[in-house]
Amino acid sequence: MHSAPTRSIAPINLFELPKQLDSLKWEPFRTGVKIHRIYGNQTTGPSAAFLWYEPGAGIPAHEHLGYEHIFILSHPQTDEHGEYAPGTMIINPPGSTHTVSNAQGGVVLAIWEKPVMFIDG
């Protein structure tokens, strides 16, 4: 008989997240961007994390080695393809490249199938 694995990650209510941001464990990720890792480490295999951008912060050019799903939770986020309002889900397929900016700051949920490769550093 095969038993199902137990849940090791606590449920997160995304509607309540703004009230909980200060209670999460944040680490530096990029200049002006903090990360709260949900699972994985963004260097091997699938990973998920919240990214908290300070106003004017962004992520430099990078290529997606696997699918990436981004859920915009607060304030618009911009890349070469447009500006995305809170509530938007973006799917970046393998081989796609872009830079990300967040003029007002904000929070996103990022789910990576595989790590990204930063271009020029």
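Quick caveat: nothing in here was measured; it's all calculated off a predicted structure. Quick note: residue numbers are just sequence positions, from 1.
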(request) Tell me whether the guanidinium CZ or amine NZ of R30 lies under 6.0 angstrom from the six-membered ring centre of Y53 and within 45° of its axis. (result) no
(request) Report yes if some heavy atom in the side chain of T78 is under 4.5 Å from a heavy atom in the side chain of V100; otherwise report no. (result) no
(message) So, taking the atom named OG1 in T99 and the one named CD1 in I59, what distance separates them when rounded to the nearest 0.5 Å?
(response) 10.0 Å
(message) Side chains of S96 and E63 only: does a donor on one sit below 3.5 Å from an acceptor on the other?
(response) no
(request) Would you give the length of the straight line joining atom OG1 of T97 to atom CG of N92, rounded to the nearest 0.5 angstrom? (result) 9.5 Å
(request) Return each pair, listed once, that meets side-chain hydrogen bond (donor to acceptor under 3.5 Å, both in side chains) where at least one residue sits in residues 104-116; pairs must be two or more places apart or across chains. (result) E68-W112
(message) Given 3.5 Å as the limit, does a donor-acceptor pair link the side chain of H64 with the main chain of H62, or not?
(response) no
(request) Search all heavy atoms of P76 against all heavy atoms of P86 and return the closest pair with its distance. (result) N-CD, 4.1 Å
(message) Just verifying a value: how many Å separate N102 CG and Q77 CD, rounded to the nearest 0.5 Å?
(response) 5.5 Å
(request) Applying side-chain contact (heavy atoms from CB on, under 4.5 Å), run through I91 and Y67 and close with a yes or a no. (result) CA-CA 7 Å; I91 300 174; Y67 282 97; 3.9 Å; yes
(request) Kindly assign one of parallel, tilted or perpendicular to the pair F71 and H69, based on the angle between their ring planes and the thresholds 30° and 60°. (result) parallel
(request) Could you tell me the separation between the CG atom of L65 and the CE atom of M117, rounded to the nearest 0.5 Å? (result) 5.5 Å
(request) Please lay out, stage by stage, how I35 and F50 fare under the test side-chain contact (heavy atoms from CB on, under 4.5 Å). (result) CA-CA 6 Å; I35 188 169; F50 292 112; over 6 Å; no
(request) With the side chain counted from C-beta on, respond yes when L24 and W52 share a heavy-atom pair under 4.5 Å apart, and no when they do not. (result) no
(request) Please say which of L51, I70, L73 ends up in a side-chain contact (heavy atoms from CB on, under 4.5 Å) with L109. (result) L73
(message) Checking H98 against H81: is there a side-chain donor and acceptor pair closer than 3.5 Å?
(response) no
(request) Quick one: list whatever passes ring pair (Phe, Tyr, Trp, His ring centres under 6.0 Å) with H36, sequence neighbours left out. (result) W26
